[in-house]
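Just below is one structure, and these are the notes that go with it.
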Amino acid sequence: MTYQFILSEKIKRVGLLRINRPKVLNALNGELLAELAQALEEYDKAPEIGAMVITGDDRAFAAGADIKEMAEMSSVDMLLRDRISSSWDRLRAIKKPLIAAVSGWCLGGGNELAIACDMIVASQSAVFGQPELNLGIFPGGGATQRLPRTVGKAISMEMVLNNRTLDAEEALHYGLVNYVYPLDEYLEKALTMANEIAARAPIAIQLAKQAVNRAFETHLAEGVNDERQAFYLLFSTVDQKEGMQAFIEKRTAEWKGR
Ligand code: DAK
């Protein structure tokens, strides 16, 4: 499938999606978000793919939602522009691991997209921020909820209220990103990490992602209970039998995704 605003390619067992509006620093318009959601859903269904990487280019992961597209909208327009909100919901429903490979500007909705992914690999030039207050709005794509759960309240408040940006090393320090690499390495490193994850037992990976995400969505007793149920479920998979047998026989497991 070809898209207008993203580039999609398979690299071994990883689906790589590049946001491709370089002239506007990869600003996220409704069409782009819908394309991204669709491409992710297709990779989510593809048995040969085990993880996805979302990236932009060296100058910008994404400088936010497209301000020119939103400027004249009313509340009702925003509410009815289902493409924007439903695309965010569709991204959240992706079951396979998502890694954001971030370089340059990662602002507003761009940062919200990155932190909605499961892990972030950054280049040394990455800059993370939520500048929406400059526009007379505030973050609407999850940052007020996800940022405090990631970097804590103090830094979140500064980012949301006072346009504090984090450079790559600060983002690493505060736990927003997993790794920082030089510009010519970050994408390769993200793809390597994604391929490592993609080589693991597919059902266990999906349930593990779901279980970790529950930690941010529910209280402890319920989260631990959900973890236990998913754990029991794994004992009815072919891969659990194969994984344990392979350990006992001192060989590499061959995952079936069943
Ligand atoms: N939208 C549209 N165009 C953008 C853009 C954006 N967010 N960011 C940059 N551009 C365009 C610029 O207009 C410029 O276009 P031309 O003038 O050349 O036509 C081109 O990209 C290059 O930008 P600059 O000339 O400004 O480049 P600089 O290096 O001087 O500055 C910058 C880089 C990143 C500091 C600056 O471009 C900037 O401040 N950009 C805006 C950042 C921002 O405010 N982002 C937050 C946007 S609001 C929702 C979910 C999420 C959201 C909304 C709804 N729902 C679920 C309902 C999210 C909202 C946002 O993200």
Side-chain angles (χ1 to χ4, degrees), residues 11 14-19 25-26 28 36 51-65 91-92 94 96-134 138-139 141-200 205 208-209 211-217:
I11 298 181
V14 172
L16 172 63
L17 296 166
R18 292 176 195 266
I19 302 166
L25 302 179
N26 293 329
L28 306 167
L36 194 59
M52 286 78 92
V53 172
I54 302 175
T55 195
D57 53 46
D58 292 349
R59 193 166 166 225
F61 177 74
L91 290 172
R92 224 178 38 188
I94 296 298
K96 291 177 184 169
L98 291 179
I99 298 179
V102 174
S103 182
W105 299 112
C106 184
L107 302 177
N111 193 41
E112 291 173 310
L113 173 60
I115 62 178
C117 292
D118 303 308
M119 283 162 279
I120 301 178
V121 175
S123 87
Q124 285 164 339
S125 71
V127 178
F128 301 86
Q130 299 291 158
E132 286 90 337
L133 256 290
N134 292 344
F138 81 117
T144 66
Q145 303 306 300
R146 286 203 178 92
L147 266 185
R149 286 165 165 80
T150 310
V151 300
K153 179 177 169 183
I155 302 299
S156 301
M157 282 293 189
E158 259 195 286
M159 290 177 77
V160 170
L161 300 183
N162 205 21
N163 196 19
R164 162 137 185 214
T165 53
L166 302 182
D167 65 26
E169 287 304 327
E170 289 174 309
L172 185 65
H173 174 76
Y174 290 116
L176 187 73
V177 309
N178 295 72
Y179 296 100
V180 177
Y181 294 110
L183 194 56
D184 57 353
E185 286 178 29
Y186 77 100
L187 182 56
E188 207 48 51
K189 296 284 190 188
L191 286 167
T192 300
M193 190 183 189
N195 263 305
E196 275 171 23
I197 293 169
R200 297 179 177 279
I205 284 281
K209 165 172 168 160
V212 173
N213 279 332
R214 288 296 283 156
F216 300 99
E217 292 161 355

What closest approach, in Å, do [X] and [Y] show between heavy atoms, and which atom pair accounts for it?
{"X": "G142", "Y": "E112", "answer": "N-OE2, 3.2 Å"}
{"X": "A116", "Y": "R146", "answer": "CB-NH1, 3.8 Å"}
{"X": "P97", "Y": "I197", "answer": "CG-CG2, 3.7 Å"}
{"X": "D58", "Y": "S125", "answer": "O-OG, 4.1 Å"}
{"X": "A114", "Y": "C106", "answer": "CB-SG, 3.8 Å"}
{"X": "I115", "Y": "A143", "answer": "CD1-CA, 4.2 Å"}

Is the shortest side-chain heavy-atom distance between [X] and [Y] below 4.5 Å?
{"X": "F138", "Y": "L133", "result": "yes"}
{"X": "Y174", "Y": "T150", "result": "no"}
{"X": "L187", "Y": "R18", "result": "yes"}
{"X": "L113", "Y": "L36", "result": "yes"}

Does [X] have more than 12 heavy atoms from other residues, nucleotides or ligands lying within 6.0 Å of its [atom1]?
{"X": "Y181", "atom1": "OH", "result": "yes"}
{"X": "E188", "atom1": "CD", "result": "no"}
{"X": "R164", "atom1": "CZ", "result": "yes"}

For Q124, all residues meeting side chain to side chain donor-acceptor pair (under 3.5 Å), sequence neighbours excluded: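 Side chain to side chain donor-acceptor pair (under 3.5 Å) check on Q124 returns nothing, list empty.
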
What's the verdict on side-chain contact (heavy atoms from CB on, under 4.5 Å) for T144 and Q130, showing C-alpha distance, side-chain angles and the deciding distance? CA-CA 10 Å; T144 66; Q130 299 291 158; over 6 Å; no

One pair to check against side-chain contact (heavy atoms from CB on, under 4.5 Å): F128 and V177. What are the steps and the verdict? CA-CA 10 Å; F128 301 86; V177 309; 3.5 Å; yes

To the nearest 0.5 Å, what is the distance between [atom1] on [X] and [atom2] on [Y]?
{"X": "T165", "Y": "L107", "atom1": "OG1", "atom2": "CG", "value": "8.0 Å"}
{"X": "L161", "Y": "E158", "atom1": "CG", "atom2": "CD", "value": "9.0 Å"}
{"X": "N26", "Y": "F61", "atom1": "CG", "atom2": "CZ", "value": "9.0 Å"}
{"X": "Q145", "Y": "F216", "atom1": "CD", "atom2": "CZ", "value": "13.0 Å"}
{"X": "N195", "Y": "I99", "atom1": "CG", "atom2": "CD1", "value": "9.0 Å"}
{"X": "I120", "Y": "I54", "atom1": "CD1", "atom2": "CD1", "value": "10.5 Å"}

I'd like to know whether T55 forms a side-chain contact (heavy atoms from CB on, under 4.5 Å) with Y186, so could you lay out the CA-CA distance, the side-chain angles of the two residues, the decisive distance to 0.1 Å, and finally the verdict. CA-CA 10 Å; T55 195; Y186 77 100; 4.1 Å; yes

Would you say the side-chain atoms of [X] pair up with the backbone N or O of [Y], donor to acceptor, closer than 3.5 Å?
{"X": "K96", "Y": "A198", "value": "no"}
{"X": "S123", "Y": "L183", "value": "no"}
{"X": "D118", "Y": "L98", "value": "yes"}
{"X": "E170", "Y": "D167", "value": "yes"}

May I have the step-by-step check of side-chain contact (heavy atoms from CB on, under 4.5 Å) for L176 and I155, ending in yes or no? CA-CA 11 Å; L176 187 73; I155 302 299; over 6 Å; no

